[in-house]
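First the proteins, then the strands, lettered A, B, ... as listed; each starts at 1.
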Number of protein chains: 2
Amino acid sequence: MKLSELRAIKLAELFSALSDASRIRIIAQLMDGEMSVHALADGLGMTESAVSHQLRGLRQMHLVRPRKSGRQVFYSIDDDHVSRLFTLGLDHVQHG
Amino acid sequence: MKLSELRAIKLAELFSALSDASRIRIIAQLMDGEMSVHALADGLGMTESAVSHQLRGLRQMHLVRPRKSGRQVFYSIDDDHVSRLFTLGLDHVQHG
DNA sequence: TGAATATATGAACAACTATTCATATATTAT
DNA sequence: ATAATATATGAATAGTTGTTCATATATTCA
């Protein structure tokens, strides 16, 4: 398959966004519906700063989407591709 | 979604294996069929050592599979999950 | 306005990673 | 057995990354 260097980099960046256990756990939480940064941090036992830093990367890759409400920001899975990538990966890990 | 820490790590490791442009280009090449290490290195403009190092990681994550024939080793995509992950990711990058 | 809360961000540091170079192993041919 | 070829591997190094800590911005409440 012919793949330009630029596109290879973009694709690698996408998978990089999913290449960390903390981010995976964030996505897993969001699979059940949107959540605030605070709730995510609480649920995962991470500092809010660490979660916020990670959400930034996920946001930039369009894997999660923010919705601001008052002083809270609720994050959710951005689109269907993301949950499909996630569950497909999980499949591979489970009966790989 | 409830996800054990161990499973989160495994999933992150899977995506990590796809988180580098060189490895993505290797996979892209293999999408067309099996190839020797030498042919991969030639086609990608990488040293055979670098390719071999990367193939090791891909092999360990069961993303590619080796077939030894004489002194050559031909690599191919290990299973269907891999090509599906690859094309799904490509989808997201293209019309994301 | 001022205090409190929620999130974001920059800098710094430790941990990890991809490549290169040198070398090792394995297979084939002479 | 020796030389040549294909691949693999260990060590070293440069570059990248995730977390923490301190601080900044934004919003609500009194």
Could you tell me whether the side chain of B:Leu90 reaches within less than 4.5 Å of the side chain of A:Arg7, counting heavy atoms only?
-> yes
Donor-acceptor list for residues 39-53 of chain B side chains, cut-off 3.5 Å, not counting sequence neighbours:
residue: B:Thr47; atom: OG1; partner: B:Ala50; partner atom: N; Å: 3.0
residue: B:Glu48; atom: OE2; partner: B:His38; partner atom: ND1; Å: 2.6

Indicate for each nucleotide in nucleotides 24-30 of chain C, in 5' to 3' sequence, whether protein heavy atoms under 4.0 Å reach the base (B), only the sugar-phosphate (S), or nothing (-).
-> --SBB--
Identify, residue by residue, the members of residues 52-59 of chain A with a heavy atom below 4.0 Å from DNA chain D, and return them in order of residue number, or none.
-> A:His53, A:Gln54
In residues 12-48 of chain B, which residues come under 4.0 Å of DNA chain D by heavy atom?
-> B:Ser36, B:Val37, B:His38, B:Glu48
State, with a plain yes or no, whether a side-chain heavy atom of A:Glu13 is found less than 4.5 Å away from one of B:Val93.
-> no
Taking B:Ser16 for its side chain and A:Ser19 for its backbone only, find out whether a donor-acceptor pair lies under 3.5 Å.
-> yes
Crowding at CZ, A:Arg59 (>12 non-hydrogen neighbours, <6.0 Å) | yes
Would you mind reading off the distance between A:Phe74 atom CZ and D:dT27 atom C1', rounded to a whole angstrom?
-> 13 Å
Of all residues at least two apart in sequence or in a different chain, which pass the salt bridge (charged side-chain N to carboxylate O under 4.0 Å, His left out) check with A:Arg84?
-> A:Asp80
Linked, directly or transitively: A:Leu58 and A:Phe74 (ILVMFWY side chains, under 4.5 Å) = no
Which nucleotide, D:dT9, C:dT7, C:dG10, lies nearest any side-chain atom of A:Val73?
-> C:dT7
Hey, are the side chains of A:Leu14 and A:Leu63 touching, using non-hydrogen atoms and a 4.5 Å cut-off?
-> yes
Gap between atoms OH and C1', on A:Tyr75 and C:dA6 respectively (whole Å) | 11 Å
Residue pairs fulfilling salt bridge (charged side-chain N to carboxylate O under 4.0 Å, His left out) with at least one residue in residues 14-35 of chain A, sequence neighbours excluded = A:Arg25-B:Glu5, A:Glu34-A:Arg67
Heavy-atom nearest pair, B:Tyr75 first then B:Leu30, reads O-CD2, 3.3 Å
